[in-house]
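Taking it in order: structure first as structure tokens, then the write-up.
Below, read A as the first sequence line, B as the second, and so on, with proteins coming before strands; counting in each chain starts at 1.
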Amino acid sequence: MARFHTLYTSIEVAAPFEMPPLPPLSRPGGHVLLGPRHSVWLGRLGETQLGPTHMGILAIVSLLCGFIAIEIIGLNMWASVDWNLLRFIKMLPFLALEPPSAKQGLSILPPLHDGGWWLLAGFFLTASILLWWARMYSRAVALGMGTHVAWAFASAIWLYLVLGFFRPILVGSWSEAVPFGIVPHLNWTATFSVRYGNLFYNPFHMLSIVFLYGSTMLFTMHAGTILSTQRYGSERETREIVDPGSASERGSLFWRWTMGFNANFDSIHKWAYWFALLTTLTGGIGILMTGTVVDNWYLWGVEHGIAADYTPLQQIPAHVPPGALDVKAPHLGGVTASGDTVP
Amino acid sequence: MRSLTAIAGAGLLAAAAFVLFVPVWNTPPVTSEEVAFPVNTQFVPVATRYALNKPPPPLPAAAQGGPAATAVYKNVRVLTDVSAAEFMRLQYAITAWVSPKQGCAFCHEGTNWASDAKPQKAVTRIMLQMTRHLNADWSNHVAPAGMTCYTCHRGQPVPGQSWFPDAPEPGHMMAGDEDNWQESGDTVRKFFPDDGFAEYFLDDQPIAVISTASIHNGTIGSWPEANRIYEMMMQMSDGIGVNCGYCHQSRAFQDWNQSSPYRWNSWWAIRMTRDLNRHFLLPIADILPQSRTLEHENRIPVIPARMSGPQTGEGLVVCATCHFGLPQPLNGANMLKDYPGLSRADAPQIDPNGHPDVAAPPPR
């Protein structure tokens, strides 16, 4: 029983390598394969067989573009600490490659030191991501699979492109895009929300949060159901879709008992897929509408009945009364300076 | 395969050891405190901040009456309205507050007390004028505790939390105008860039970037402006040890009707800071460029390559300069009452209805 409750796989299968029959790179449509090899330790988490990783032309160019983007970002950051390696490591959370300043507008050739490097890094990173997407798509087709994974990935790419490409173009300035950097991009996010009147009142942001948190909930509901019915054959999950057996029936009955309704072994995957995909899809729409259609989401929410219209409190007049600030802050304790109780 | 695993394991251990031992960690428990209105919590090592904000005991009171300072001492220009005894008591206090190691000779030429030879003396006069101006004319921010030299100086000739604009930084071949991130601090906010401070603590740049219209109409402020305001506000937040909610409602940062009264206090503070920087601190920089070394830093330096050398130039006032991380400098201790010479006798009464030119709240 305990083996269903651990993170680690306790059964490892030792077998000859599974190798796909593929032509070498020297032939049209050829490939380089990395691996395969066996790893006992990786087998604790997944398959013991590592590889073969498929390296077609898309993958090679994508990795090259990604490498160039990371190099541009990293070297700019390193330059900003005078090429001091120790400072680079310690300041890494705060280092940034910033987009062009506002005066550059949408120029595609700003000076390198004023956002030119940012545009170059963005170009190569985007090329890398799009090529990787094409690789996901073409590999799925090559295996005769559906292309669901590629389209879910496309949804994430949509949000990425909205943040760094579509929205800056709509508002007419690269300076509105996100900087590369850990704390700098977090500051960007916080400033973005404050500047546009609190993003939590943006209905597409609300949807995105629903789908994000919903995804994690569905994920654990599904994984829990499968793990808990494993002894009845739920590891043959896909078989149970067309031929429901004891695992499927027990799992379904569990959810009908506990909440009256259940997804089945087929539809739960569609639920999870669409929840995950819609997280970034709706989020992207929300970002795209911010600063282009709506400038202050809180006021928009007041106008559309989402947020309450707070009438001025009598205790907090627009003009501060004399003596109102003569009270020591840490000891205010729910009573305003003028002696009125805060509702 | 086995050697690969060993290498990967050693690498992981090394990375873990680096993360554990190289950065400076605050040892738990990191205490926090609620500073009401509305309830909002700032997670900072508050014990450190209280330790930084202990006022020194007052000097014994001077004898009442006696001749005026101007009658006894030569070349008295600023403290013209105090007695000779109070004047001398204040000299001792200032020495203890500002130049305890350097003593009287920090400002005075030998024992020729009337001499104006040292530029520090001219600076002290400007500082005294500033303090008296503050306590007399800026009571809407500093009353009732008032402020003294110690509020900022805390035993250092150059106040430890001064802001030095344009800290010397060499140019780069690659990255150009990157932000001036700080390199030490016990909170993330202390690392934030100070590039925008000049716009808000020296110039009259409006601090308004949030649109008051819901639908896009082209009036919203620029993005870099929003970024600078965010960093400046984070300086304020960290400098006085509170979160945004101390003054603002997070649903509507711009709305005065939904803000707490403390926002007015901060509104005055920003105007006060501009006044101090323009009319007192910049003139000082002309007379005596200030220099600060890391001994003045209350923070633990991480890697002070750029900041390890002395910073010279204009040391200016920001929120942390007086507050040292608490909502009230010296935790609200009133040192001014013991040193009447630090306020003007002719201090005007503030007009309770004289209010700032803030845009009126939108009609409802």
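Ranked by heavy-atom pairs shorter than 4.5 Å toward chain A, the options B:H141, B:Q254, B:M234 are led by B:Q254. In terms of heavy-atom pairs under 4.5 angstrom with chain B, the leader among A:F192, A:W300, A:W188 is A:W188.
Among all heavy-atom pairs drawn from A:R195 and B:A226, the shortest one is CD-CB, 3.7 Å. Annotation for A:V294 and B:I215: closest pair CG2-CD1, 4.1 Å, computed over non-hydrogen atoms.
Interatomic distance, B:S214 OG to A:Y298 OH, rounded to the nearest 0.5 Å: 12.0 Å. Taken to the nearest 0.5 Å, the OG1 atom of A:T191 stands 12.5 Å off from the CD atom of B:E225. Summarising the geometry, atom OG belonging to A:S193 is positioned 8.0 Å from atom CZ belonging to B:F253; distances are rounded to the nearest 0.5 Å.
Looking at heavy atoms from C-beta onward, A:V194 lies out of side-chain contact with B:M233 at the 4.5 angstrom threshold. Side-chain contact between B:W223 and A:V171 is absent, with no heavy-atom pair separated by less than 4.5 Å. Using a 4.5 Å heavy-atom cutoff, the side chains of A:D295 and B:H216 are in contact.
In this structure, the portion of A:E303 lying under 4.5 Å from any heavy atom of chain B is its side chain and not its backbone. Only the side chain of A:I89 comes within less than 4.5 Å of a heavy atom of chain B; its backbone N, CA, C and O stay farther away.
Around CZ of A:F200, the count of heavy atoms belonging to other residues, nucleotides or ligands within 6.0 Å does not exceed 12. Annotation: A:I108, atom CD1; neighbour count of heavy atoms from other residues, nucleotides and ligands within 6.0 Å does not exceed 12.
The aromatic rings of A:F94 and B:F191 lie parallel to each other, with less than 30° between the two planes, well short of the 60° mark.
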